[in-house]
Amino acid sequence: MLGLMQVRPLLISNLIHFAERHHGEAEIVSRRVEGDIHRCTWVDVARRARCVANALDADKLAFSDRVATLAWNGYRHLELFYGVSGSGRVLHTINPRLHPDQIAWIINHAEDQVLAFDTNFLPLVQAVHTQCPTVKKWVALADADKLPQDTGIPNLVSYEAWIAGQADTYDWPEFDENSASSMCYTSGTTGNPKGVLYSHRSTTLHALAATLPDAMNLSARESVLPVVPMFHVSAWGLPYSAALAGCKLVFPGPAQDGKSIHGLIEAEKVTFAAGVPTVWQMLLAHTQGNGLKFSTLKRTMIGGSACPPAMINAFRDQYGVDVLHAWGMTETSPLGTLCMLKEKHLSLETEAQLAIRLKQGRALSGLDMKIVDTDGKELPWDGETYGDLLVKGPWVIKAYFKSEGGDPLVDGWFPTGDVATIDADGFMQITDRSKDLIKSGGEWISSIDIENIAVAHPAVAIAACISAHHPKWEERPIIAVVKKPGAEVTREELLAFYEGKTAKWQIPDDVVFMESIPIGATGKILKMRLREQLADYRLTTTEA
Ligand code: ADP
(Lines give C-alpha, C1' and ligand atoms only; values in the text may rest on other atoms or scores of the structure.)
Protein backbone atom coordinates (compact mmCIF):
# COMPACT_ATOMS: atom_id res chain seq x y z
CA MET A 1 0.00 0.00 0.00
CA LEU A 2 1.39 3.39 -0.96
CA GLY A 3 1.10 6.43 1.26
CA LEU A 4 -1.48 8.97 0.25
CA MET A 5 0.63 12.09 0.37
CA GLN A 6 1.41 14.37 -2.56
CA VAL A 7 4.24 13.24 -4.77
CA ARG A 8 6.26 16.33 -5.54
CA PRO A 9 9.74 15.79 -6.94
CA LEU A 10 12.55 17.43 -4.98
CA LEU A 11 13.58 20.01 -7.55
CA ILE A 12 15.94 22.98 -7.20
CA SER A 13 13.24 25.24 -8.66
CA ASN A 14 11.21 24.59 -5.46
CA LEU A 15 13.94 26.30 -3.44
CA ILE A 16 13.91 29.54 -5.41
CA HIS A 17 10.10 29.51 -5.60
CA PHE A 18 9.98 29.22 -1.80
CA ALA A 19 12.58 31.93 -1.24
CA GLU A 20 10.74 34.30 -3.57
CA ARG A 21 7.29 33.79 -2.01
CA HIS A 22 8.24 33.48 1.65
CA HIS A 23 11.46 35.46 2.04
CA GLY A 24 11.24 37.71 -1.00
CA GLU A 25 12.50 40.79 0.82
CA ALA A 26 15.71 39.15 2.11
CA GLU A 27 18.69 40.85 0.51
CA ILE A 28 21.41 39.50 -1.76
CA VAL A 29 24.40 41.83 -1.51
CA SER A 30 27.33 41.41 -3.89
CA ARG A 31 30.72 43.03 -4.22
CA ARG A 32 31.07 43.01 -7.97
CA VAL A 33 34.08 42.49 -10.17
CA GLU A 34 33.56 46.15 -11.09
CA GLY A 35 34.39 46.94 -7.43
CA ASP A 36 31.02 48.42 -6.42
CA ILE A 37 28.36 46.92 -4.14
CA HIS A 38 25.15 45.64 -5.75
CA ARG A 39 21.95 45.04 -3.79
CA CYS A 40 18.92 42.97 -4.77
CA THR A 41 16.48 40.52 -3.14
CA TRP A 42 15.35 36.92 -3.52
CA VAL A 43 12.42 38.30 -5.59
CA ASP A 44 14.88 39.84 -8.05
CA VAL A 45 17.01 36.67 -8.21
CA ALA A 46 13.94 34.53 -8.92
CA ARG A 47 12.69 36.93 -11.60
CA ARG A 48 16.02 37.10 -13.40
CA ALA A 49 16.58 33.32 -13.04
CA ARG A 50 13.38 32.93 -15.09
CA CYS A 51 14.87 35.25 -17.72
CA VAL A 52 17.95 33.00 -17.80
CA ALA A 53 15.70 29.96 -18.33
CA ASN A 54 13.96 31.72 -21.23
CA ALA A 55 17.33 32.72 -22.73
CA LEU A 56 18.46 29.09 -22.63
CA ASP A 57 15.21 28.02 -24.32
CA ALA A 58 15.81 30.67 -26.98
CA ASP A 59 19.32 29.26 -27.49
CA LYS A 60 17.70 25.83 -27.97
CA LEU A 61 19.55 24.14 -25.17
CA ALA A 62 18.13 20.70 -24.53
CA PHE A 63 17.31 19.06 -21.20
CA SER A 64 20.58 18.11 -19.41
CA ASP A 65 22.77 20.27 -21.66
CA ARG A 66 25.64 21.78 -19.72
CA VAL A 67 26.04 25.49 -18.99
CA ALA A 68 29.41 26.37 -17.51
CA THR A 69 30.44 29.26 -15.29
CA LEU A 70 33.84 30.80 -14.57
CA ALA A 71 32.68 33.23 -11.94
CA TRP A 72 33.10 34.60 -8.44
CA ASN A 73 30.37 34.64 -5.82
CA GLY A 74 27.75 37.17 -6.90
CA TYR A 75 24.07 37.70 -7.75
CA ARG A 76 24.43 36.90 -11.45
CA HIS A 77 26.11 33.62 -10.62
CA LEU A 78 23.23 32.90 -8.21
CA GLU A 79 20.68 33.61 -10.97
CA LEU A 80 22.50 31.10 -13.16
CA PHE A 81 22.43 28.53 -10.34
CA TYR A 82 18.63 28.65 -10.39
CA GLY A 83 17.92 29.50 -14.03
CA VAL A 84 20.12 26.74 -15.42
CA SER A 85 19.21 23.90 -13.02
CA GLY A 86 15.60 25.01 -12.59
CA SER A 87 14.97 24.73 -16.33
CA GLY A 88 16.47 21.23 -16.46
CA ARG A 89 19.96 22.07 -17.72
CA VAL A 90 23.12 21.20 -15.82
CA LEU A 91 25.18 23.95 -14.21
CA HIS A 92 28.90 23.25 -14.48
CA THR A 93 30.89 25.48 -12.12
CA ILE A 94 34.54 25.63 -13.21
CA ASN A 95 37.37 26.51 -10.87
CA PRO A 96 39.18 29.42 -12.58
CA ARG A 97 42.32 28.81 -10.55
CA LEU A 98 43.02 25.60 -12.44
CA HIS A 99 45.60 25.60 -15.21
CA PRO A 100 44.10 26.77 -18.58
CA ASP A 101 44.91 23.39 -20.17
CA GLN A 102 42.99 21.66 -17.40
CA ILE A 103 40.08 24.09 -17.84
CA ALA A 104 39.93 23.39 -21.58
CA TRP A 105 40.07 19.66 -20.85
CA ILE A 106 37.19 19.95 -18.37
CA ILE A 107 35.03 22.05 -20.74
CA ASN A 108 35.48 19.45 -23.47
CA HIS A 109 34.89 16.53 -21.13
CA ALA A 110 31.66 18.12 -19.84
CA GLU A 111 30.70 19.19 -23.40
CA ASP A 112 29.63 22.62 -22.19
CA GLN A 113 27.32 24.47 -24.63
CA VAL A 114 27.28 27.91 -23.04
CA LEU A 115 29.96 29.42 -20.82
CA ALA A 116 29.30 32.46 -18.62
CA PHE A 117 32.33 34.27 -17.17
CA ASP A 118 33.25 37.23 -15.02
CA THR A 119 35.03 39.82 -17.14
CA ASN A 120 38.25 39.55 -15.15
CA PHE A 121 38.53 36.00 -16.54
CA LEU A 122 38.54 37.32 -20.13
CA PRO A 123 42.26 36.52 -20.66
CA LEU A 124 41.56 32.96 -19.51
CA VAL A 125 38.63 32.62 -21.93
CA GLN A 126 40.75 34.09 -24.72
CA ALA A 127 43.41 31.47 -23.96
CA VAL A 128 41.05 28.50 -24.10
CA HIS A 129 38.14 29.35 -26.43
CA THR A 130 39.72 27.98 -29.61
CA GLN A 131 40.15 24.60 -27.89
CA CYS A 132 36.47 24.40 -26.89
CA PRO A 133 34.39 23.47 -29.95
CA THR A 134 31.28 22.48 -27.96
CA VAL A 135 30.74 25.99 -26.60
CA LYS A 136 28.40 27.84 -28.94
CA LYS A 137 27.87 30.95 -26.82
CA TRP A 138 30.17 32.89 -24.47
CA VAL A 139 28.40 35.15 -21.98
CA ALA A 140 30.34 37.95 -20.27
CA LEU A 141 28.76 38.66 -16.87
CA ALA A 142 28.48 42.38 -17.49
CA ASP A 143 26.17 45.20 -18.54
CA ALA A 144 25.64 45.54 -22.29
CA ASP A 145 27.78 48.69 -22.48
CA LYS A 146 30.62 46.97 -20.59
CA LEU A 147 30.95 44.11 -23.07
CA PRO A 148 34.67 43.74 -23.81
CA GLN A 149 35.46 44.68 -27.41
CA ASP A 150 37.85 43.13 -29.96
CA THR A 151 38.27 39.98 -27.91
CA GLY A 152 38.57 37.57 -30.82
CA ILE A 153 35.89 35.42 -29.17
CA PRO A 154 33.04 34.54 -31.54
CA ASN A 155 29.45 34.53 -30.25
CA LEU A 156 30.25 36.69 -27.27
CA VAL A 157 27.32 38.49 -25.61
CA SER A 158 26.90 40.39 -22.38
CA TYR A 159 24.77 38.71 -19.73
CA GLU A 160 22.47 41.70 -19.41
CA ALA A 161 21.86 41.82 -23.18
CA TRP A 162 21.38 38.03 -23.23
CA ILE A 163 18.53 38.10 -20.68
CA ALA A 164 17.21 41.61 -21.41
CA GLY A 165 14.65 40.69 -24.05
CA GLN A 166 13.43 37.63 -22.18
CA ALA A 167 10.12 37.33 -20.34
CA ASP A 168 10.38 37.12 -16.56
CA THR A 169 7.61 34.53 -16.41
CA TYR A 170 8.45 30.84 -16.73
CA ASP A 171 6.74 27.69 -15.53
CA TRP A 172 9.49 25.68 -13.90
CA PRO A 173 9.16 22.21 -15.46
CA GLU A 174 8.49 19.11 -13.35
CA PHE A 175 10.72 16.13 -14.04
CA ASP A 176 12.43 13.21 -12.30
CA GLU A 177 14.17 14.46 -9.16
CA ASN A 178 17.09 12.15 -9.97
CA SER A 179 17.90 14.23 -13.06
CA ALA A 180 21.32 15.89 -13.08
CA SER A 181 21.28 19.47 -11.79
CA SER A 182 24.92 20.55 -11.56
CA MET A 183 28.45 19.28 -11.80
CA CYS A 184 31.81 20.01 -10.34
CA TYR A 185 35.19 18.48 -11.14
CA THR A 186 37.43 17.33 -8.32
CA SER A 187 40.27 19.78 -7.94
CA GLY A 188 42.85 17.28 -9.06
CA THR A 189 45.10 17.39 -6.01
CA THR A 190 44.87 13.61 -6.12
CA GLY A 191 45.15 12.95 -9.88
CA ASN A 192 43.18 13.94 -13.00
CA PRO A 193 40.01 15.94 -12.43
CA LYS A 194 36.90 13.77 -12.41
CA GLY A 195 33.34 15.02 -12.87
CA VAL A 196 30.88 14.69 -9.99
CA LEU A 197 27.30 15.01 -11.20
CA TYR A 198 24.78 16.14 -8.59
CA SER A 199 21.04 15.56 -8.91
CA HIS A 200 18.06 17.71 -7.89
CA ARG A 201 17.26 15.17 -5.21
CA SER A 202 20.82 14.98 -3.80
CA THR A 203 21.15 18.77 -3.81
CA THR A 204 17.81 19.31 -2.06
CA LEU A 205 18.42 16.66 0.60
CA HIS A 206 21.94 17.98 1.19
CA ALA A 207 20.58 21.52 1.57
CA LEU A 208 17.92 20.37 4.05
CA ALA A 209 20.38 18.38 6.16
CA ALA A 210 23.00 21.15 6.05
CA THR A 211 20.51 23.71 7.36
CA LEU A 212 19.56 21.69 10.48
CA PRO A 213 20.41 23.07 13.96
CA ASP A 214 23.22 20.55 14.54
CA ALA A 215 24.68 21.40 11.14
CA MET A 216 24.89 25.02 9.89
CA ASN A 217 21.86 26.01 11.96
CA LEU A 218 20.61 28.58 9.43
CA SER A 219 17.48 30.67 9.77
CA ALA A 220 15.79 33.69 8.23
CA ARG A 221 17.53 35.80 10.88
CA GLU A 222 21.03 35.12 9.52
CA SER A 223 23.20 37.20 7.24
CA VAL A 224 25.41 34.64 5.50
CA LEU A 225 28.77 35.29 3.85
CA PRO A 226 30.04 32.42 1.71
CA VAL A 227 33.71 33.25 1.18
CA VAL A 228 34.11 29.69 -0.07
CA PRO A 229 33.63 30.10 -3.82
CA MET A 230 30.52 28.97 -5.67
CA PHE A 231 32.91 27.10 -8.00
CA HIS A 232 34.11 25.05 -5.04
CA VAL A 233 31.31 22.50 -4.61
CA SER A 234 28.59 25.18 -4.87
CA ALA A 235 30.01 27.17 -1.94
CA TRP A 236 29.30 24.14 0.25
CA GLY A 237 25.64 24.27 -0.80
CA LEU A 238 25.04 27.69 0.81
CA PRO A 239 23.15 29.17 -2.20
CA TYR A 240 20.60 26.36 -1.75
CA SER A 241 20.49 26.28 2.07
CA ALA A 242 20.16 30.08 2.20
CA ALA A 243 17.15 29.93 -0.14
CA LEU A 244 15.35 27.28 1.87
CA ALA A 245 16.05 29.08 5.15
CA GLY A 246 15.39 32.56 3.76
CA CYS A 247 18.76 34.02 4.77
CA LYS A 248 20.30 37.25 3.60
CA LEU A 249 23.29 36.40 1.39
CA VAL A 250 26.45 38.46 1.13
CA PHE A 251 28.84 37.72 -1.74
CA PRO A 252 32.47 38.88 -1.64
CA GLY A 253 33.22 38.70 -5.39
CA PRO A 254 36.92 38.42 -6.14
CA ALA A 255 38.05 40.42 -3.08
CA GLN A 256 39.13 37.78 -0.57
CA ASP A 257 41.75 39.79 1.31
CA GLY A 258 41.34 40.41 5.04
CA LYS A 259 40.43 44.09 4.69
CA SER A 260 37.67 43.53 2.13
CA ILE A 261 36.18 40.58 4.00
CA HIS A 262 36.21 42.40 7.34
CA GLY A 263 34.63 45.47 5.75
CA LEU A 264 31.83 43.39 4.23
CA ILE A 265 31.16 41.52 7.49
CA GLU A 266 30.76 44.81 9.35
CA ALA A 267 28.80 46.69 6.68
CA GLU A 268 26.32 43.89 6.02
CA LYS A 269 26.01 42.70 9.64
CA VAL A 270 27.16 39.20 8.71
CA THR A 271 26.37 36.62 11.40
CA PHE A 272 27.63 33.44 9.70
CA ALA A 273 30.62 33.08 7.36
CA ALA A 274 32.15 30.05 5.65
CA GLY A 275 35.57 29.46 4.14
CA VAL A 276 38.83 27.50 4.07
CA PRO A 277 41.53 28.11 6.73
CA THR A 278 43.82 30.10 4.41
CA VAL A 279 41.14 32.79 3.96
CA TRP A 280 40.55 33.09 7.71
CA GLN A 281 44.31 33.30 8.23
CA MET A 282 44.32 36.47 6.10
CA LEU A 283 41.27 37.84 7.90
CA LEU A 284 42.73 37.25 11.36
CA ALA A 285 46.08 38.77 10.36
CA HIS A 286 44.18 41.89 9.25
CA THR A 287 41.98 42.21 12.36
CA GLN A 288 44.86 41.46 14.74
CA GLY A 289 47.23 43.82 12.95
CA ASN A 290 44.73 46.69 13.03
CA GLY A 291 43.05 46.15 16.39
CA LEU A 292 39.65 45.47 14.78
CA LYS A 293 36.64 43.60 16.19
CA PHE A 294 33.58 41.89 14.75
CA SER A 295 30.29 43.48 15.86
CA THR A 296 27.83 40.92 14.47
CA LEU A 297 29.74 37.79 13.42
CA LYS A 298 28.77 34.87 15.66
CA ARG A 299 29.88 31.78 13.82
CA THR A 300 32.34 30.83 11.15
CA MET A 301 32.37 27.51 9.39
CA ILE A 302 35.82 26.24 8.46
CA GLY A 303 36.59 23.23 6.30
CA GLY A 304 38.41 22.03 3.22
CA SER A 305 41.54 21.39 5.28
CA ALA A 306 42.08 20.87 8.98
CA CYS A 307 41.41 23.94 11.09
CA PRO A 308 44.43 24.62 13.34
CA PRO A 309 43.71 24.99 17.10
CA ALA A 310 45.37 28.41 17.06
CA MET A 311 42.60 29.60 14.72
CA ILE A 312 39.76 28.21 16.84
CA ASN A 313 41.30 29.87 19.92
CA ALA A 314 41.88 33.21 18.20
CA PHE A 315 38.28 33.42 16.97
CA ARG A 316 36.87 32.43 20.36
CA ASP A 317 39.20 34.25 22.78
CA GLN A 318 39.78 37.46 20.87
CA TYR A 319 36.46 37.88 19.08
CA GLY A 320 33.85 35.65 20.75
CA VAL A 321 33.22 33.91 17.42
CA ASP A 322 32.46 30.17 17.42
CA VAL A 323 34.30 28.05 14.88
CA LEU A 324 32.26 25.28 13.30
CA HIS A 325 34.73 22.76 11.94
CA ALA A 326 33.43 20.77 8.97
CA TRP A 327 34.64 18.02 6.67
CA GLY A 328 33.57 17.10 3.19
CA MET A 329 34.59 16.42 -0.38
CA THR A 330 33.44 17.23 -3.90
CA GLU A 331 32.12 13.65 -3.93
CA THR A 332 29.92 14.30 -0.88
CA SER A 333 28.14 17.46 -2.14
CA PRO A 334 30.29 18.41 -0.03
CA LEU A 335 29.17 18.26 3.61
CA GLY A 336 29.87 15.03 5.44
CA THR A 337 30.47 15.98 9.07
CA LEU A 338 30.25 19.09 11.24
CA CYS A 339 31.61 19.55 14.72
CA MET A 340 28.63 20.70 16.76
CA LEU A 341 29.17 19.84 20.42
CA LYS A 342 26.83 17.61 22.39
CA GLU A 343 25.30 18.73 25.69
CA LYS A 344 27.85 16.86 27.77
CA HIS A 345 30.74 18.73 26.12
CA LEU A 346 29.48 22.16 27.15
CA SER A 347 30.67 21.82 30.75
CA LEU A 348 34.16 20.62 29.78
CA GLU A 349 37.27 22.63 30.63
CA THR A 350 38.54 24.83 27.78
CA GLU A 351 41.36 22.46 26.76
CA ALA A 352 39.18 19.35 26.80
CA GLN A 353 36.52 21.17 24.80
CA LEU A 354 39.11 22.33 22.26
CA ALA A 355 40.15 18.71 21.75
CA ILE A 356 36.56 17.99 20.63
CA ARG A 357 36.26 21.16 18.54
CA LEU A 358 39.36 20.15 16.61
CA LYS A 359 37.61 17.03 15.37
CA GLN A 360 35.82 17.19 12.04
CA GLY A 361 32.65 16.19 13.85
CA ARG A 362 29.48 14.16 13.59
CA ALA A 363 27.87 12.86 10.44
CA LEU A 364 25.20 15.04 8.90
CA SER A 365 21.79 13.54 9.52
CA GLY A 366 21.17 11.13 6.63
CA LEU A 367 24.82 10.23 6.03
CA ASP A 368 26.55 7.14 7.42
CA MET A 369 30.27 6.59 7.93
CA LYS A 370 32.70 3.92 9.12
CA ILE A 371 36.41 3.30 9.42
CA VAL A 372 38.00 0.07 8.19
CA ASP A 373 41.39 -1.63 8.26
CA THR A 374 43.34 -2.69 5.16
CA ASP A 375 41.21 -5.85 4.89
CA GLY A 376 38.02 -3.82 4.93
CA LYS A 377 37.12 -4.93 8.46
CA GLU A 378 35.19 -2.30 10.42
CA LEU A 379 37.17 -0.71 13.27
CA PRO A 380 35.88 0.37 16.69
CA TRP A 381 34.63 3.86 17.50
CA ASP A 382 37.05 4.48 20.38
CA GLY A 383 38.62 7.76 19.27
CA GLU A 384 42.03 6.06 18.99
CA THR A 385 41.93 3.34 16.38
CA TYR A 386 42.32 4.83 12.95
CA GLY A 387 41.48 3.48 9.55
CA ASP A 388 40.22 4.36 6.07
CA LEU A 389 37.09 6.50 6.19
CA LEU A 390 34.13 5.34 4.09
CA VAL A 391 30.78 7.12 3.70
CA LYS A 392 27.37 6.51 2.16
CA GLY A 393 24.22 8.53 1.80
CA PRO A 394 21.82 10.17 -0.66
CA TRP A 395 24.27 13.00 -1.48
CA VAL A 396 27.37 10.79 -1.84
CA ILE A 397 28.71 9.92 -5.31
CA LYS A 398 27.71 6.66 -7.01
CA ALA A 399 29.89 7.01 -10.13
CA TYR A 400 31.97 9.71 -11.82
CA PHE A 401 30.76 11.42 -14.99
CA LYS A 402 31.30 9.18 -18.03
CA SER A 403 32.32 6.41 -15.60
CA GLU A 404 35.86 7.79 -15.30
CA GLY A 405 37.93 5.62 -12.98
CA GLY A 406 35.43 2.74 -12.96
CA ASP A 407 33.19 1.92 -10.01
CA PRO A 408 34.41 3.98 -7.05
CA LEU A 409 32.28 2.16 -4.45
CA VAL A 410 33.21 -0.71 -2.13
CA ASP A 411 30.08 -2.66 -1.14
CA GLY A 412 28.02 0.50 -1.59
CA TRP A 413 30.39 2.68 0.46
CA PHE A 414 32.54 5.48 -0.96
CA PRO A 415 36.19 5.33 0.18
CA THR A 416 37.20 8.92 0.90
CA GLY A 417 40.99 8.49 0.80
CA ASP A 418 41.09 10.02 4.28
CA VAL A 419 42.34 8.27 7.39
CA ALA A 420 40.32 8.95 10.53
CA THR A 421 39.29 7.97 14.04
CA ILE A 422 35.70 8.01 15.29
CA ASP A 423 35.00 8.35 19.01
CA ALA A 424 32.21 6.78 21.05
CA ASP A 425 30.04 9.90 20.55
CA GLY A 426 30.40 9.61 16.78
CA PHE A 427 32.90 12.47 16.37
CA MET A 428 35.18 11.76 13.44
CA GLN A 429 38.72 13.14 13.28
CA ILE A 430 40.83 13.11 10.15
CA THR A 431 44.38 12.07 10.94
CA ASP A 432 45.57 12.43 7.38
CA ARG A 433 45.01 11.70 3.76
CA SER A 434 46.09 8.11 3.23
CA LYS A 435 49.04 9.10 1.09
CA ASP A 436 50.15 12.00 3.31
CA LEU A 437 50.65 9.87 6.43
CA ILE A 438 54.28 9.47 7.41
CA LYS A 439 55.49 6.01 8.33
CA SER A 440 58.47 6.25 10.65
CA GLY A 441 59.96 2.92 11.70
CA GLY A 442 56.61 1.23 11.15
CA GLU A 443 54.68 3.81 13.22
CA TRP A 444 52.35 6.34 11.62
CA ILE A 445 52.72 10.08 12.18
CA SER A 446 49.89 12.45 11.27
CA SER A 447 51.13 15.36 9.15
CA ILE A 448 48.13 17.40 10.33
CA ASP A 449 49.24 17.14 13.99
CA ILE A 450 52.75 18.27 13.11
CA GLU A 451 51.44 21.22 11.06
CA ASN A 452 49.01 22.30 13.78
CA ILE A 453 51.81 22.66 16.31
CA ALA A 454 53.97 24.69 13.91
CA VAL A 455 51.20 27.18 13.05
CA ALA A 456 50.56 27.73 16.76
CA HIS A 457 54.01 29.40 16.87
CA PRO A 458 53.55 33.18 16.62
CA ALA A 459 56.16 33.56 13.85
CA VAL A 460 54.72 30.89 11.55
CA ALA A 461 52.27 31.83 8.77
CA ILE A 462 51.98 28.51 6.90
CA ALA A 463 53.41 25.08 7.65
CA ALA A 464 53.34 21.85 5.68
CA CYS A 465 54.68 18.52 6.87
CA ILE A 466 56.02 15.92 4.45
CA SER A 467 58.28 12.94 4.83
CA ALA A 468 61.98 12.74 4.03
CA HIS A 469 63.86 9.53 3.39
CA HIS A 470 65.76 8.26 6.42
CA PRO A 471 68.26 5.37 6.27
CA LYS A 472 67.02 3.80 9.48
CA TRP A 473 63.38 4.87 9.95
CA GLU A 474 62.58 4.97 6.23
CA GLU A 475 60.46 8.10 6.59
CA ARG A 476 60.85 10.99 8.99
CA PRO A 477 58.71 14.15 9.14
CA ILE A 478 60.18 17.48 8.09
CA ILE A 479 58.28 20.73 8.26
CA ALA A 480 58.30 23.39 5.54
CA VAL A 481 57.53 26.81 6.96
CA VAL A 482 56.68 30.27 5.67
CA LYS A 483 57.31 32.92 8.31
CA LYS A 484 54.90 35.79 9.01
CA PRO A 485 56.15 39.07 7.48
CA GLY A 486 58.72 40.62 9.77
CA ALA A 487 58.67 37.69 12.22
CA GLU A 488 61.71 35.60 13.11
CA VAL A 489 62.17 32.06 14.35
CA THR A 490 65.15 29.74 13.98
CA ARG A 491 65.16 26.03 13.17
CA GLU A 492 66.23 25.24 16.74
CA GLU A 493 63.58 27.47 18.30
CA LEU A 494 60.81 25.90 16.27
CA LEU A 495 61.95 22.36 17.02
CA ALA A 496 62.16 23.26 20.72
CA PHE A 497 58.56 24.54 20.46
CA TYR A 498 57.47 20.93 19.80
CA GLU A 499 58.85 19.72 23.16
CA GLY A 500 56.02 18.54 25.38
CA LYS A 501 53.41 19.07 22.66
CA THR A 502 53.84 15.72 20.96
CA ALA A 503 55.68 12.44 21.48
CA LYS A 504 59.44 12.94 21.08
CA TRP A 505 59.70 10.53 18.14
CA GLN A 506 57.06 12.54 16.25
CA ILE A 507 58.98 15.83 16.41
CA PRO A 508 60.15 16.71 12.88
CA ASP A 509 63.80 16.08 12.05
CA ASP A 510 64.23 19.36 10.24
CA VAL A 511 62.69 22.71 9.36
CA VAL A 512 62.87 24.07 5.82
CA PHE A 513 62.14 27.80 5.60
CA MET A 514 60.51 28.81 2.31
CA GLU A 515 59.36 32.06 0.69
CA SER A 516 56.04 30.43 -0.21
CA ILE A 517 54.37 27.04 -0.15
CA PRO A 518 52.35 25.92 -3.19
CA ILE A 519 48.62 26.40 -2.58
CA GLY A 520 46.13 24.70 -4.91
CA ALA A 521 43.01 25.95 -6.64
CA THR A 522 40.82 25.41 -3.60
CA GLY A 523 43.16 26.98 -1.06
CA LYS A 524 44.80 23.76 0.06
CA ILE A 525 48.50 23.06 0.33
CA LEU A 526 49.67 21.08 -2.69
CA LYS A 527 51.76 18.40 -1.01
CA MET A 528 52.53 16.75 -4.34
CA ARG A 529 54.04 20.01 -5.69
CA LEU A 530 55.88 20.66 -2.42
CA ARG A 531 57.44 17.19 -2.58
CA GLU A 532 58.58 17.98 -6.14
CA GLN A 533 60.07 21.30 -5.01
CA LEU A 534 61.95 19.57 -2.22
CA ALA A 535 62.98 16.60 -4.34
CA ASP A 536 66.67 17.39 -3.86
CA TYR A 537 66.28 17.77 -0.12
CA ARG A 538 68.32 15.24 1.90
CA LEU A 539 68.14 14.73 5.65
CA THR A 540 71.58 15.10 7.18
CA THR A 541 71.61 12.43 9.79
CA THR A 542 74.33 10.86 11.85
CA GLU A 543 72.25 7.76 12.54
CA ALA A 544 73.01 4.72 10.44
P1 ADP B 1 40.52 17.37 -3.61
O2 ADP B 1 40.44 15.96 -3.10
O3 ADP B 1 40.80 17.43 -5.06
O4 ADP B 1 41.36 18.31 -2.78
P5 ADP B 1 38.10 18.28 -2.36
O6 ADP B 1 38.03 19.75 -2.38
O7 ADP B 1 36.89 17.51 -2.59
O8 ADP B 1 39.05 17.92 -3.49
O9 ADP B 1 38.81 17.87 -1.01
C10 ADP B 1 38.36 16.90 -0.13
C11 ADP B 1 39.42 16.57 0.86
O12 ADP B 1 39.80 17.71 1.63
C13 ADP B 1 39.00 15.57 1.89
O14 ADP B 1 39.06 14.26 1.41
C15 ADP B 1 40.01 15.82 3.01
O16 ADP B 1 41.24 15.18 2.75
C17 ADP B 1 40.22 17.31 2.93
N18 ADP B 1 39.40 17.99 3.94
C19 ADP B 1 38.22 18.59 3.79
N20 ADP B 1 37.79 19.14 4.94
C21 ADP B 1 38.74 18.87 5.87
C22 ADP B 1 38.90 19.16 7.27
N23 ADP B 1 38.01 19.86 7.95
N24 ADP B 1 40.00 18.68 7.87
C25 ADP B 1 40.93 17.98 7.21
N26 ADP B 1 40.85 17.69 5.90
C27 ADP B 1 39.77 18.13 5.23
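Here, residue 1 is the first one in the sequence, and each next residue gets the next number.
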**Asked** Going by the angle between their ring planes, with limits at 30° and 60°, are Tyr400 and Phe414 parallel, tilted or perpendicular?
**Response**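 Correct class here is perpendicular.
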**Prompt:** Using 30° and 60° as the class limits, which term best fits the ring planes of Phe427 and His345: parallel, tilted or perpendicular?
**Reply:**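 Judged by the thresholds at 30° and 60°, the geometry between Phe427 and His345 is perpendicular.
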What pairs of donor and acceptor atoms, side-chain ones from residues 364-373 against any protein atom, are under 3.5 angstrom apart with sequence neighbours left out?
unit_1 : atom_1 : unit_2 : atom_2 : d
Asp373 : OD1    : Asp375 : N      : 2.9
Asp373 : OD1    : Gly376 : N      : 3.1
Asp373 : OD1    : Lys377 : N      : 2.9

**Value rounded to 0.5 Å, distance of CG in Leu389 from CH2 in Trp327** =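 That separation rounds to 5.0 Å.
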**Request:** Any chance you could measure Phe315, atom CZ, to Leu283, atom CG, to the nearest 0.5 Å?
**Result:**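 Those atoms lie 5.5 Å apart.
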On a heavy-atom basis, which atom in [X] and which in [Y] lie closest, and how many Å separate them?
X: Arg299; Y: Leu324; answer: NH1-CD2, 4.5 Å
X: Pro415; Y: Pro408; answer: CD-O, 3.1 Å
X: Lys483; Y: Val489; answer: NZ-O, 3.8 Å

**Request:** Please name all residues satisfying salt bridge (Lys or Arg N to Asp or Glu O under 4.0 Å) with Glu499, sequence neighbours left out, ordered by chain then number.
**Result:**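 By the salt bridge (Lys or Arg N to Asp or Glu O under 4.0 Å) rule, Glu499 matches Lys504.
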**Item:** Reference residue Val270; test side-chain contact (heavy atoms from CB on, under 4.5 Å); the match among Leu264, Leu297, Val224
**Value:**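 Looking at Leu264, Leu297, Val224, the match for Val270 under the side-chain contact (heavy atoms from CB on, under 4.5 Å) is Leu297.
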**Message:** Measuring only between side-chain heavy atoms, which start at C-beta, is Met301 closer than 4.5 Å to Phe272?
**Reply:**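 They are in side-chain contact.
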**Request:** Among His109, Glu404, Lys194, find the residue that satisfies the side chain to side chain donor-acceptor pair (under 3.5 Å) test when tested with Tyr185.
**Result:**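 Of the listed residues His109, Glu404, Lys194, the side chain to side chain donor-acceptor pair (under 3.5 Å) partner of Tyr185 is His109.
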